[in-house]
Amino acid sequence: CLTLAEFRALLGDLLSRPLTPAESSSSGDFFLRNAPLSENQVKSAMQKAIASKSSSLHIRYYLEAVKATRLDERTS
């Protein structure tokens with residue numbers, strides 16, 4: 001499972017840019033509500049979201065994709 005620092009670093013790596021202070025705050029809030037998160041889970045969701053819509057959208061879009069993937073995995 002990812003730590004908060006690892007989660008933020010992974011988001012930045014996958015988006016190919018550093019997170020802004022606001023994105024860092026949003027991702028921290030998200031992490032606290034949705035942890036534990038696995039690296040594979042986050043990578044898979046992010047890669048699908050980026051492939052679908054690019055990496056230039058609001059961080060909320062990508063966090064919702066991670067949340068949806070996590071919920072899908074719980075129910076299957």
Side-chain angles (χ1 to χ4, degrees):
C1 291
L2 294 169
T3 65
L4 175 56
E6 291 168 335
F7 176 64
R8 285 179 173 150
L10 183 58
L11 291 178
D13 288 347
L14 292 167
L15 293 171
S16 301
R17 61 179 171 79
L19 298 181
T20 67
E23 290 173 332
S24 187
S25 177
S26 294
S27 63
D29 292 343
F30 175 86
F31 183 85
L32 293 174
R33 287 190 313 272
N34 292 281
L37 299 167
S38 75
E39 183 174 354
N40 288 339
Q41 195 176 51
V42 174
K43 275 186 179 179
S44 174
M46 290 288 294
Q47 288 168 341
K48 287 177 187 171
I50 291 167
S52 173
K53 299 284 186 176
S54 85
S55 63
S56 60
L57 298 177
H58 193 278
I59 193 74
R60 190 177 323 118
Y61 172 78
Y62 307 106
L63 297 176
E64 286 299 319
V66 172
K67 184 177 181 179
T69 298
R70 185 171 176 270
L71 293 175
D72 287 346
E73 288 177 1
R74 274 191 187 173
T75 59
S76 47

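A quick note: this is a predicted structure, and the numbers were derived from the prediction, not measured.
Remark: Arg60 CZ is loosely packed, at most 12 non-hydrogen atoms of other residues, nucleotides or ligands lying under 6.0 Å away.
Pro21 is linked by a side chain to side chain contact (heavy atoms under 4.5 Å, CB included) to nothing, counting only residues two or more places apart in sequence or in another chain. Checked against salt bridge (charged side-chain N to carboxylate O under 4.0 Å, His left out), Glu39 has the following partners two or more places apart in sequence or in another chain: Lys43. Checked against side chain to side chain contact (heavy atoms under 4.5 Å, CB included), Thr20 has the following partners two or more places apart in sequence or in another chain: Ala22, Glu23. For Asp29, the side chain to side chain contact (heavy atoms under 4.5 Å, CB included) partners at least two apart in sequence or on another chain are Ser25, Arg33. Under the side-chain hydrogen bond (donor to acceptor under 3.5 Å, both in side chains) criterion, Ser24 pairs with Arg8, not counting sequence neighbours. Every residue meeting the side chain to side chain contact (heavy atoms under 4.5 Å, CB included) condition with Ala65, not counting sequence neighbours, appears here in chain and number order: Ala49.
Nearest heavy atoms, Leu63 versus Ser26: CD1-O, 3.9 Å. Closest of all the heavy-atom pairs between Leu57 and Tyr62 is N-OH, 2.9 Å. For the pair Leu37 and Asn34, the tightest heavy-atom approach, listed with the atom from each and the gap, is CD2-O, 3.7 Å.
Under the ring pair (Phe, Tyr, Trp, His ring centres under 6.0 Å) criterion, no residue pair touches residues 41-61, with sequence neighbours excluded. Residue pairs meeting the side-chain hydrogen bond (donor to acceptor under 3.5 Å, both in side chains) criterion with at least one partner in residues 45-54, sequence neighbours excluded, are Ser54-Ser56.
You'll find the side chain of Phe30 stays beyond 4.5 Å of the side chain of Ile59, heavy atoms only. Using a 4.5 Å cut-off on side-chain heavy atoms (C-beta onward), Ser27 and Leu19 make contact.
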Next item on the list: Report the C-alpha distance between Met46 and Leu11 in whole Å, list the side-chain angles of each, state the deciding distance to 0.1 Å, and finish with yes or no for side-chain contact (heavy atoms from CB on, under 4.5 Å).
Entry: CA-CA 8 Å; Met46 290 288 294; Leu11 291 178; 3.8 Å; yes
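Between the CG atom of Leu10 and the CG atom of Leu2 there is a distance of 6.0 Å, given to the nearest 0.5 Å.
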